Amino acid sequence: MTEVLRGLEVHPLEPGETAVEAFVLIKVLDSQGDIAWSYRTTNRLSREELLGALIVQVDLLRKELRDEWDDSSD
């Protein structure tokens, strides 16, 4: 296994949950010193599973941002 997130921490799973697969979006400093984005997945994660997970996360984030916007306009 390759160590990718040396020195960084990831939020813990809920009690009783077991990690099966992962998709990690990583903000990196490239070789020229510029900020870039990279991602890594575990081996068995299919593109369909990844797309589904990303769609759910986008929808949740969109709702959270919309809810914050609605709350701030009161």
Side-chain angles (χ1 to χ4, degrees):
M1 177 168 49
T2 302
E3 186 176 326
V4 175
L5 301 175
R6 184 179 318 124
L8 298 177
E9 295 182 12
V10 176
H11 297 286
L13 296 174
E14 295 295 322
E17 292 181 334
T18 301
V20 178
E21 295 294 330
F23 167 81
V24 181
L25 183 62
I26 309 163
K27 188 175 183 179
V28 299
L29 194 58
D30 71 15
S31 59
Q32 284 79 38
D34 296 321
I35 297 292
W37 289 94
S38 183
Y39 76 91
R40 296 293 181 267
T41 62
T42 50
N43 291 331
R44 296 177 301 211
L45 192 63
S46 72
R47 292 184 306 164
E48 291 84 4
E49 290 174 309
L50 178 57
L51 179 60
L54 290 172
I55 288 170
V56 168
Q57 289 302 309
V58 166
D59 288 346
L60 289 170
L61 181 56
R62 184 179 290 122
K63 181 187 180 317
E64 289 173 6
L65 290 169
R66 187 177 54 243
D67 290 348
E68 287 175 13
W69 179 267
D70 290 343
D71 286 346
S72 66
S73 63
D74 290 339

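Values in this document were obtained by computation on a predicted structure and should not be read as measured data.
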Running the 4.5 Å side-chain criterion over Ile, Leu, Val, Met, Phe, Trp and Tyr, what cluster does Leu60 land in, apart from itself?
Val56

Is there any side chain to side chain donor-acceptor pair (under 3.5 Å) pair reaching into residues 4-18, and which pairs are they, with sequence neighbours excluded?
Glu3-Arg6

Inter- and intrachain pairs under salt bridge (Lys or Arg N to Asp or Glu O under 4.0 Å), touching residues 40-60, at least two apart
Glu21-Arg44, Asp59-Arg62

Common cluster, Val10/Ile26, ILVMFWY with side-chain heavy-atom separation under 4.5 Å:
yes

Report the residues that fulfil side-chain contact (heavy atoms from CB on, under 4.5 Å) with Leu51, sequence neighbours left out, ordered by chain and then residue number.
Ile55

So the ring pair (Phe, Tyr, Trp, His ring centres under 6.0 Å) pairs with at least one residue in residues 41-68 (sequence neighbours excluded) are none

State yes or no: do Val58 and Tyr39 share one hydrophobic cluster built from I, L, V, M, F, W and Y residues joined by side-chain heavy-atom distances below 4.5 Å, directly or via other members?
no

Common cluster, Leu54/Leu45, ILVMFWY with side-chain heavy-atom separation under 4.5 Å:
yes

How is the hydrophobic cluster of Leu61 composed, in terms of its other members, when Ile, Leu, Val, Met, Phe, Trp and Tyr link through side-chain heavy atoms under 4.5 Å apart, directly or indirectly?
Leu65

Lys27: which residues meet the side chain to side chain donor-acceptor pair (under 3.5 Å) condition with it, sequence neighbours left out?
none

Taking all non-hydrogen atoms of both residues into account, name the closest pair between Ser38 and Val28 and its distance.
CB-CG1, 4.3 Å

Show me the pairs that pass ring pair (Phe, Tyr, Trp, His ring centres under 6.0 Å) and involve residues 41-61, at least two apart or across chains.
none

Which other residues belong to the hydrophobic cluster containing Val20, where Ile, Leu, Val, Met, Phe, Trp and Tyr are joined when side-chain heavy atoms lie under 4.5 Å apart, directly or via other members?
none

What donor-acceptor contacts under 3.5 angstrom involve side-chain atoms of residues 29-37, with partners at least two apart or in another chain?
residue: Asp30; atom: OD1; partner: Gln32; partner atom: N; Å: 2.9
residue: Asp30; atom: OD1; partner: Gly33; partner atom: N; Å: 3.1
residue: Asp30; atom: OD1; partner: Asp34; partner atom: N; Å: 2.8

